[in-house]
Amino acid sequence: MSSVAVLLTAGLCGVPAAASGPPGEPLRCALPAGGAEPRTATPAQVGMDATKLAEAIRFAASRNRLSVRVFRFNCLVAEGPLNPVTNTVPLNVWSSTKSVVSILAGIAHTQGRIELDAPIGRYLPAGAGWGDAAHRAITVRQLLNQESGLKQSIGTEAASSVLGLDTNVVKQALALPIVREPGTYFDYGQRPVDLLAHVVERAVGQDLQTFAQHNLFGPIGISRSDYVWLRDRTGNTYGFANLYLKPGDLARVGLLLLNNGDWRGKQVFAPGYLTRATKPSDTNPCYSHLFWLNRAPCVGPSIPSRHVYSQAPLAGMPSDAYATVGFLHQSNFVVPSLGLVVTWTGVLGDHSLDPATLQSISPNSELHHGFFRLLGRAFTDLGLPDPGPYRPEYNFDVRPGQFADPEVLLGAFGIG
């Protein structure tokens, strides 16, 4: 077990040990104050088997996980072998950025600054380029649920960002044609979340990153110098991706979610927001408010084409599990009924011939299945069902028009 940091002795590596809990009760740790490290516990103290937990961590590390952290009841109980190397490196968390935007919308809603069922036109400027009546009638919640009706081209939208081509992602989003009635169809996209980020910014009357630092990152111990959040060439903060967080700070976001918005007695967002956000949306049982839910059937991103998966994303885990999931697997997995948070970052790691799975954009991830099947065996205080071997769901139906659109690319230049 030398290559895996399972915390057999609390207080490892200078991290403070948790205080003892009542006899016979699992240990529960206080969340860290300021920028302090999270408290640690041994697996046995939180109802987990150290050997089986180490097996799950080894599996994750063997699949290109550059960092792994397992928390139970807010206590850090296991880490990946590369954590000491990656701890201080901010990484693009890709689409986990979307879930951060959702949290910011929840904070703005808690503060009474934005109505989730209001049309976005209420918060946008008037005039040319700011959307016609139909676009302005799209609601905040429809953007949150990826059911805006706007034409999607997720590969092209991401590529224009990576290449630095985006002139104004907000106006690019508002220029996309409405191809479905808003609120009736799930279609995973990028530009609508960029638009949502701007709507939240307008609603709070403050630069989104300033608002995020004062109302989200600062309260949970993330300093402004610890992360980078990219903007387009106009200065709009990206919402779909491009937030660079240190792995430990990504974990703090997961711990905030586990505690339903409460951080050491400060309610960062109202619990009711997350209660609603983790219930299936009307258009996709496994997606809501920019979080992936452990429900089935599950509509995935349209690469190589739209596909409905018959299995829940985290087989064997309770139905209340949900996740923030980023490209190449930059994720927080939260299971409230188990008091569990797993945070990891890395590059790919799935073993499957399915095109979407190989690209780490399938809800039916072989990596997720293998890890959580092993992790489920580590719980000693309850019995979790064994989901059995991984069952791939292949989708070889390649439809480039669903994820690559030249008109969207031209829109990044203001052409078309």
Side-chain angles (χ1 to χ4, degrees), residues 94-110 114-124 131 134-154 157 169-170 173-174 176-200 203 238-241 257 261 269-270 272-303 306-309 312-313 319-326 332 334 361 363 402:
W94 291 102
S95 286
S96 278
T97 306
K98 293 180 173 74
S99 301
V100 171
V101 172
S102 175
I103 293 170
L104 293 175
I107 294 170
H109 179 63
T110 297
I114 196 168
E115 292 296 327
L116 302 184
D117 292 310
I120 60 174
R122 178 184 298 180
Y123 306 104
L124 295 174
H135 284 76
R136 295 173 71 88
I138 295 168
T139 68
V140 176
R141 199 182 305 274
Q142 287 164 354
L143 293 178
L144 282 164
N145 285 337
Q146 297 273 22
E147 53 189 27
S148 65
L150 295 171
K151 183 177 183 179
Q152 303 306 314
S153 181
I154 61 175
E157 291 163 351
V169 292
V170 180
L174 289 168
L176 293 171
I178 296 175
V179 294
R180 305 271 183 178
E181 182 182 349
T184 66
Y185 189 83
F186 174 86
D187 202 1
Y188 187 90
Q190 321 285 29
R191 286 292 92 86
V193 191
D194 294 334
L195 174 58
L196 173 64
H198 187 71
V199 167
V200 173
Y238 281 104
F240 87 95
L257 293 170
F269 57 82
Y273 178 76
L274 196 54
T275 300
R276 179 63 188 87
T278 53
K279 289 182 178 177
S281 63
D282 292 337
T283 55
N284 190 355
C286 73
Y287 198 86
S288 181
H289 292 65
L290 306 177
F291 296 101
W292 289 96
L293 313 183
N294 195 30
R295 304 296 183 94
C298 185
V299 185
S302 297
I303 294 182
R306 181 180 176 85
H307 185 74
V308 181
Y309 297 86
S319 61
D320 68 334
Y322 64 97
T324 81
V325 179
N332 271 312
V334 183
I361 55 174
Q402 294 188 11

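Index from 1, following the sequence. Being a predicted model, the structure only gives us computed values, none of them experimental.
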Could you list the residues that satisfy side chain to side chain donor-acceptor pair (under 3.5 Å) with [X], not counting sequence neighbours?
X	answer
Gln146	none
Asn332	Thr343
Gln152	none
Thr278	none

Side chain to side chain contact (heavy atoms under 4.5 Å, CB included) partner of Lys151, chosen from Val179, Asp187, Ile178: Val179

Rounded distance (nearest 0.5 Å) linking atom [atom1] of [X] with atom [atom2] of [Y]:
X	Y	atom1	atom2	answer
Phe186	Ser288	CZ	OG	10.5 Å
Ile107	Ile114	CD1	CD1	12.0 Å
Leu196	Leu104	CG	CG	9.0 Å
Leu143	His198	CG	NE2	12.5 Å

With the side chain counted from C-beta on, respond yes when [X] and [Y] share a heavy-atom pair under 4.5 Å apart, and no when they do not.
X	Y	result
Tyr238	Val169	yes
Arg191	Ser153	no
Glu115	Val140	no
Thr139	Pro182	no
Val199	Leu124	yes

Hey, is the main chain of Gly189 close enough, under 3.5 Å, to the side chain of Glu157 for a donor-acceptor pair?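 Looks like no, no N/O pair under 3.5 Å.
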
Side chain of Ser148, backbone of Gln142: donor and acceptor closer than 3.5 Å? no

Mind listing the closest non-hydrogen atom pair of [X] and [Y] along with its distance?
X	Y	value
Val193	Gly239	CG1-O, 3.5 Å
Ile154	Pro301	CD1-CB, 3.8 Å
Pro280	Pro285	CB-O, 3.3 Å
Leu176	Leu150	O-CD2, 3.5 Å
Ala173	Leu195	CB-CB, 3.9 Å
Asn145	Thr283	O-OG1, 4.4 Å

Under the rule for salt bridge (charged side-chain N to carboxylate O under 4.0 Å, His left out), what residues qualify as partners of Arg141, not counting sequence neighbours?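 Residues passing salt bridge (charged side-chain N to carboxylate O under 4.0 Å, His left out) with Arg141: Asp117.
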
For [X], ring-ring contact (aromatic ring centres under 6.0 Å, His included) partners two or more places apart:
X	result
Phe291	Tyr322
Tyr123	none
His135	none
His307	Tyr309

Return the set of residues passing side chain to side chain contact (heavy atoms under 4.5 Å, CB included) with Ala270 (not counting sequence neighbours), or none when no residue passes.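 Ala270: side chain to side chain contact (heavy atoms under 4.5 Å, CB included) contacts with Thr110.
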
In a table with atom names and distances, give each donor-acceptor pair under 3.5 Å that connects a side chain of residues 96-103 to protein atoms at least two apart or in another chain.
unit_1: Ser96; atom_1: OG; unit_2: Thr324; atom_2: O; d: 3.3
unit_1: Ser96; atom_1: OG; unit_2: Thr324; atom_2: OG1; d: 2.9
unit_1: Ser96; atom_1: OG; unit_2: Gln330; atom_2: O; d: 2.8
unit_1: Thr97; atom_1: OG1; unit_2: Trp94; atom_2: O; d: 2.7
unit_1: Thr97; atom_1: OG1; unit_2: Leu243; atom_2: N; d: 3.4
unit_1: Lys98; atom_1: NZ; unit_2: Ser95; atom_2: OG; d: 2.7
unit_1: Lys98; atom_1: NZ; unit_2: Tyr188; atom_2: OH; d: 3.2
unit_1: Lys98; atom_1: NZ; unit_2: Gln190; atom_2: OE1; d: 2.7
unit_1: Lys98; atom_1: NZ; unit_2: Phe240; atom_2: O; d: 3.2
unit_1: Ser99; atom_1: OG; unit_2: Leu290; atom_2: O; d: 2.7
unit_1: Ser102; atom_1: OG; unit_2: Tyr273; atom_2: OH; d: 2.8
unit_1: Ser102; atom_1: OG; unit_2: His289; atom_2: O; d: 2.7

For residues 277-298, pull every pair meeting salt bridge (charged side-chain N to carboxylate O under 4.0 Å, His left out), keeping only residues two or more places apart or in separate chains.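 Sorted pair list comes back empty.
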
